[in-house]
K.L.:
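Dumping the structure here so I can ask a few things about it.
Every chain is numbered from 1 and lettered A, B, ... according to where its sequence line falls, protein lines coming before strand lines.
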Amino acid sequence: RIHTHTHTYIYIYHMAAHQSISIVGGGVTGFSLLSILSKRLPSIPVTLYTAFLPPPPPSSPSPDVRTYALSPGSVKVLSEAGVDLGSRCQPYTSMQVWDSLTPSYLRFSSSSLDLGTPNLGVCAEDSYIVSSLHEAASKLPNAKVTTDKVAKVDGSRLTTEGGDVVDSSLLIASDGGNSFVRKSQNYGCTWHDYGRTSLICTVRTSETSSVPTAFQRFFPAGPLALLPLWGGYYSIVWSTTPEHARALRGAGEAEFVDAVNSALQGGPSRYQADTGIGLVDDLASTLVNGLSLVNMNEPLGSCGPFAAPPLLDSLGSERFLLPLHAHHAGTYYKEGQVLVGDAAHGVHPMAGQGLNLGLKGVRSLADQLTEAHGSGVGLGDDHPLSCYEADRRSDVAKVMGGIHALHHVFGWEGGPGVAARSVGMTVTNMAGGLKRELARAAIGEI
Amino acid sequence: PNPLLAMNPCRVRFLLRHLPPPPATVLDVGCGGGILTGSLLNLGYDVTSLDPSSSLLQVLKSRHPSATTINGTVESLPPSSTYGSVACLEVVEHLSTSTLPAFVAAVADACEGTVVVSSVDRSPIGGYLKGILLPERVLGLLPAGTHEYEKLVRPAELEEAFGAVGWEMVEVKGMRVVGGLGGELRFG
């Protein structure tokens, strides 16, 4: 009378109600979801609505100006989505961060800190990633891409400009920082304008470096990042005041390259603390100068020696300006609808975490939907969406808060603040344990 | 957050380990508003939903118009009614101890294959602290009085009750929360 069934079966389900997913918004996040969800849920039609189809992959030897610093975790997500970066990417194993007002610096590498990843991150082009994702999705029978424009959204129902009404089980909004879905559906969004602008371009150098390193120097107005690409190219992201950014863009090419070089190469060799308390000033200055000077030549503790970034020869692309802000949606989901990527959250680019946060969201949402589907729970049900928000919201808030704090800490121009941050950076540079935690946060693992 | 909704995926996965594949027949005893019924229907099972509350059955019908419902108790089912599998989720902890044997006998009679029971263990930590005190009195996740400690059943007692009518316990698994409040429920 007792039947014990021991069988393993693949979860191929016959859902009583036919389910489908609509994704609004192309880009890395939208196309990643298209590919991953189509693969994991082969019986569910997934349709992506995007303004224009991705162009064919870039073939020029010089890298595109629009690039990302992908964390090892992001590379894994993209790999599941079918992206093979191949040789069109630049892994970097070292990161160096330093001040502009004092000689304090922080340097770490994936190998010396035993992080368990082959590198700290990989720089790759947006255009290459998106076209790879598109190609991977085109091989999946249940994945579809359309350029029909979305005119209206209501829950999981969308209406195209042509008048078609499309009902699905779940509508995923991956339509960027100025998300049409988020705005038209009243999600609420806290928006912080940094009053800063990033200048983005590529530059060329003839110097060859043995260790591909991501460099970032903090100025009071904001950081100047130099990220390694290939073929002698580097990516520049200079976050500064809008006036300064405009001046840099308007400058002649040679003048601009000179400005970048002097910003990266010049700087104080000595620090004079000005906290106002004599004893503190002496201690701070001695510590920072002494340790930094020593470390630059003969590293103590677990820090590598300070490496001057390469001298740049010429501009490699047009210069683009991007106003900077941070934002966080009031909620990540409504009935039958969910926000992913920049539609849900945005951060200052100084930590290179924008896309990494987005792809973590992609993985979390895909996991929740796969599990829900395997338990007979509808794809648009509140439960998987609420679990996705619970999983991501605190992580995003933490990262956003950390970056925000960095923005303020490095904005100080003198006094106890600069003393504290310089001493802090110098000491951290030598403390392996603390530096390891910092490095893990930098690559998006915390 | 609704604890029943949060528990559902975990319970369904446990059921799927022991139920034959769809479109097998399943009797959902104490189906309530139809959380389990809905999932099983989505997975393609032939579900009959049983509950003594006609108002809850109305809620179920409004969510799943094609569902087969029976307004009544398992003891009141005709002897000829049998189903491939029977699920009694969050039911036995609401019965008084004296009526448990008759309930178990009726469930066994209605089942040809596998019975799956999900309930709150009568233990100080799992049962009282995590099952009653926290959800009802501290966190407000459940209305006070939803569960009474005296009515909670221990797995050993269930095994004994089913053993008395010739049934054997195949697997016992606990459920725990992974990831803090708002986290997920997993076996463990």
K.L.:
If you look only at pairs with a residue in residues 87-121 of chain B, which of them pass as a ring-ring contact (aromatic ring centres under 6.0 Å, His included), with sequence neighbours excluded?
P.N.:
B/His94-B/His147
K.L.:
Calculate, to the nearest 0.5 Å, the distance between atoms CG and NE2 belonging to B/Asn42 and A/His373 respectively.
P.N.:
9.0 Å
K.L.:
Tell me, yes or no, whether the heavy-atom count around B/Glu75 atom CD, taken from other residues, nucleotides or ligands under 6.0 Å, exceeds 12.
P.N.:
yes
K.L.:
To the nearest 0.5 Å, what is the distance between CG (B/Leu4) and NE2 (A/His383)?
P.N.:
11.5 Å
K.L.:
Can you establish whether the number of heavy atoms outside A/Lys152 located under 6.0 Å from its atom NZ is more than 12?
P.N.:
no
K.L.:
Do A/Val377 and B/Asn8 have side chains that approach each other closer than 4.5 Å (heavy atoms only, starting at C-beta)?
P.N.:
yes
K.L.:
For the OG atom of A/Ser375 and the CG atom of B/Leu43, what is their distance to the nearest 0.5 Å?
P.N.:
7.5 Å
K.L.:
Got more than 12 heavy atoms from elsewhere within 6.0 Å of CZ, A/Arg157?
P.N.:
no
